[in-house]
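Just so it is clear, the model here is predicted, and its values are computed rather than measured. Numbering starts at 1 and runs along the sequence shown.
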Amino acid sequence: PYLNTDAGTMSPFEHGEVFVLDDGGEVDLDLGNYERFLDIKLTRDNNITTGKIYQSVIEKERRGDYLGKTVQVVPHITDAIQDWIERVAKIPVDGKEGPADVCVIELGGTIGDIESMPFIEALGQFSYRVGPGNFCLVHVSLVPILNVVGEQKTKPTQHSVRQLRGLGLFPNLLACRCSKELDDNTKAKLAQFCHVPLPNVLTLHDVPNIWHIPLLLKDQKAHESILKALNLPGVATEPNLKEWTLRTKIYDKCHETVRIAMVGKYTGLSDAYLSVLKALLHAAVAHNRKLIVDWVPAGDLEDVTYGEDPTAYRAAWSLLKGANGVLVPGGFGDRGVQGKILAAKYARENNVPYLGICLGMQIAVIEFARSVLGLHDATSTEFDPETKTPCVIFMPEGSKTHMGGTMRLGSRTTYFEVADCKSAKLYGNVSSVDERHRHRYEVNPDMVSQLESAGLSFVGKDETGCRMEIVELASHPFFIGVQFHPEFKSRPGKPSPLFSGLIEAACEPKRTVTMLSNGHAKLPNGIYNNGHSPILKPHQNGNGFISSKSNGSLKGVFSNNGNGVYVDGSC
């Protein structure tokens, strides 16, 4: 219910990541959850905001569609909301033909919020108009537990349901979030005071991983309650969750770890990189690995931080050097850029698997130009518009005056220029791939030949051959940068090929150290560490490591066989 037309201009600190759809829609991250869980493709029309509704109503008023009537929240705004829902509900998103049987509507916010009132009124009218058997309301509510006495409190749910009923909406099911499974007495009390049948009071308690939630709902026969409310019991079949159940069990049994250092500037809020996290998780589970993400604030890697906060500086470098792989995600602005460049340099020089996404690819190109070509002032015009060595430039078709919806957005085709490159192999040796984009800067095509002559290879380009989409370093075990965002199309059981490649490369060879009796860490080639974090560099034969010392302490996590410890990187 926010006034923004879409999520494109919203800060990740306020609202988490901006999820991009195939049609270029910039939407709330919740739509990403729907796409991942249901394996569907949504459109920008599946995301309704107050801004979109008001914009459409005002446009109608300007055209004279209301024939001189006074335009008001009721009925004009509420009618527009209902019309939008009914129009979009008829468009299938599961790949099948014909209108869908059921449309899921999620109303965000909290009951009582001023900004959501038009939507509450619209849905109240809508439920009355379509009648019983065509509308099922699931009310999600928190059931807190008082730590002092351990009692599950039902009053917040009772009050929210009372307020909801007063606004004309009557819950068919209660989905109760709680840290523990609801007691029978708690469920009975909620059923009695909220006027909901006892089987329709569902427990959504904390679980080991979120993939358990569909199984939890199925065990409580939530599907039967919903089908009964929608008068569809004779049409639907039993949910087939065998594959999902198997995948969830594999997830729970993953014990061997893989550590990925996520180098970004929004590391204080994991939702800012939600799709990247999920894509890493999908790939890790597919390789039977337990994912550990080490959040590395890019700014803390910079030399200036060493003078201002040496502890943060050492901690950041310790995490980076302890990781099995490095990922630099997308982003905007110049804060932390130098730290990201240093992370890319470290990964390139030490044969650490590296995946750069969007800005992460541009960072890799800038670092290569500076370190290998000797162009020390190489940068992006985003960070320095007056630079004399622009490695990354503003796209000609972009707008410098309007921010919203003016980037290169949505699904675009990338064509492989080198058939046997790592990226093409990961995608199954296809000639092209369709991935989602969100950027307004690109690699300067005028510098491509100079970069390629030094060893960097642009293996993927757009249909014109002038826009760089994928870059690789052939001499490196895994060093790939992509202009697109592969994380948006990753699914449980169908991980993104590039993320899968990163995890596979990060899983071997393992960086292990052996603990000596004096407490020092001995590396495989006989060199021992006396308390400082080692930079581990694989030999060319891949059978050992050489070490150079840096500041920061070394911490270990014991391996399953008990013969050594993995470099943990925690300070």
Side-chain angles (χ1 to χ4, degrees), residues 260-265 267 296-306 313 316-317 319-321 323 325-384 387-393 422-423 439 441-460 468-484 498 502 505-506 535 537 548 550:
I260 301 296
M262 183 95 79
V263 184
K265 69 175 184 177
T267 53
V296 182
D300 288 355
L301 296 171
E302 299 173 1
D303 292 341
V304 66
T305 304
Y306 182 75
Y313 177 83
W317 275 103
L319 287 173
L320 184 67
K321 292 170 183 176
V326 177
L327 192 151
V328 178
F332 298 93
D334 60 356
R335 183 167 63 86
V337 163
Q338 185 58 34
K340 294 175 185 177
I341 290 173
L342 290 169
K345 179 182 176 71
Y346 165 77
R348 181 180 60 80
E349 292 182 345
N350 294 278
N351 284 336
V352 176
Y354 175 90
L355 177 61
I357 298 172
C358 197
L359 177 61
M361 168 190 168
Q362 298 169 8
I363 289 293
V365 172
I366 293 170
E367 187 280 320
F368 190 87
R370 290 183 182 183
S371 302
V372 180
L373 294 179
L375 303 173
H376 301 297
D377 60 344
T379 188
S380 167
T381 56
E382 180 181 6
F383 316 134
D384 181 6
T387 179
K388 292 182 172 59
T389 313
C391 273
V392 178
I393 60 172
K422 290 185 181 72
S423 304
H439 65 110
Y441 290 85
E442 62 175 335
V443 174
N444 187 352
D446 294 338
M447 290 193 65
V448 168
S449 58
Q450 190 178 359
L451 290 162
E452 288 196 317
S453 65
L456 207 58
S457 181
F458 291 93
V459 299
M468 305 304 115
E469 294 281 4
I470 307 175
V471 64
E472 291 185 8
L473 193 58
S475 59
H476 194 285
F478 189 93
F479 193 90
I480 296 177
V482 292
Q483 188 60 74
F484 48 80
L498 292 172
L502 173 67
I535 303 176
K537 301 179 182 179
S548 60
S550 69

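- Taking the side chain as every heavy atom from C-beta outward, Ser380 and Ile363 never approach each other to under 4.5 Å.
- Checking side-chain atoms of Lys265 against main-chain N and O of Asp334 turns up no donor-acceptor pair under 3.5 Å.
- In this structure, His439 contributes its side chain and Gly330 its backbone to no donor-acceptor pair below 3.5 Å.
- Arg348 and Ser371 make their closest contact through NH2-CB, 3.2 Å (heavy atoms, listed as atom of the first residue, atom of the second, distance).
- For the pair Leu473 and Leu456, the minimum side-chain heavy-atom distance is below 4.5 Å.
- You'll find the side chain of Met468 reaches within 4.5 Å of the side chain of Met361, heavy atoms only.
- Side-chain contact check for Gln362 and Gln483: at least one donor-acceptor pair (N or O, by modelled atom type) lies under 3.5 Å.
- Side-chain atoms of Glu452 come within 3.5 Å of backbone atoms of Phe458 as a donor-acceptor pair (strictly under, hydrogens ignored).
- Remark: the backbone N or O of Lys422 is paired with a side-chain donor or acceptor of Glu472 at under 3.5 angstrom.
- Inter-residue side-chain proximity for Ile357 and Leu327 is flagged as met; some heavy-atom pair is nearer than 4.5 Å.
- Considering only heavy atoms from C-beta on, Met447 stays 4.5 Å or farther from Val365 through its side chain.
- Not one N or O on the side chain of Asn350 forms a donor-acceptor pair closer than 3.5 Å with the backbone of Val352.
- In this structure, Thr305 contributes its side chain and Gly299 its backbone to a donor-acceptor pair below 3.5 Å.
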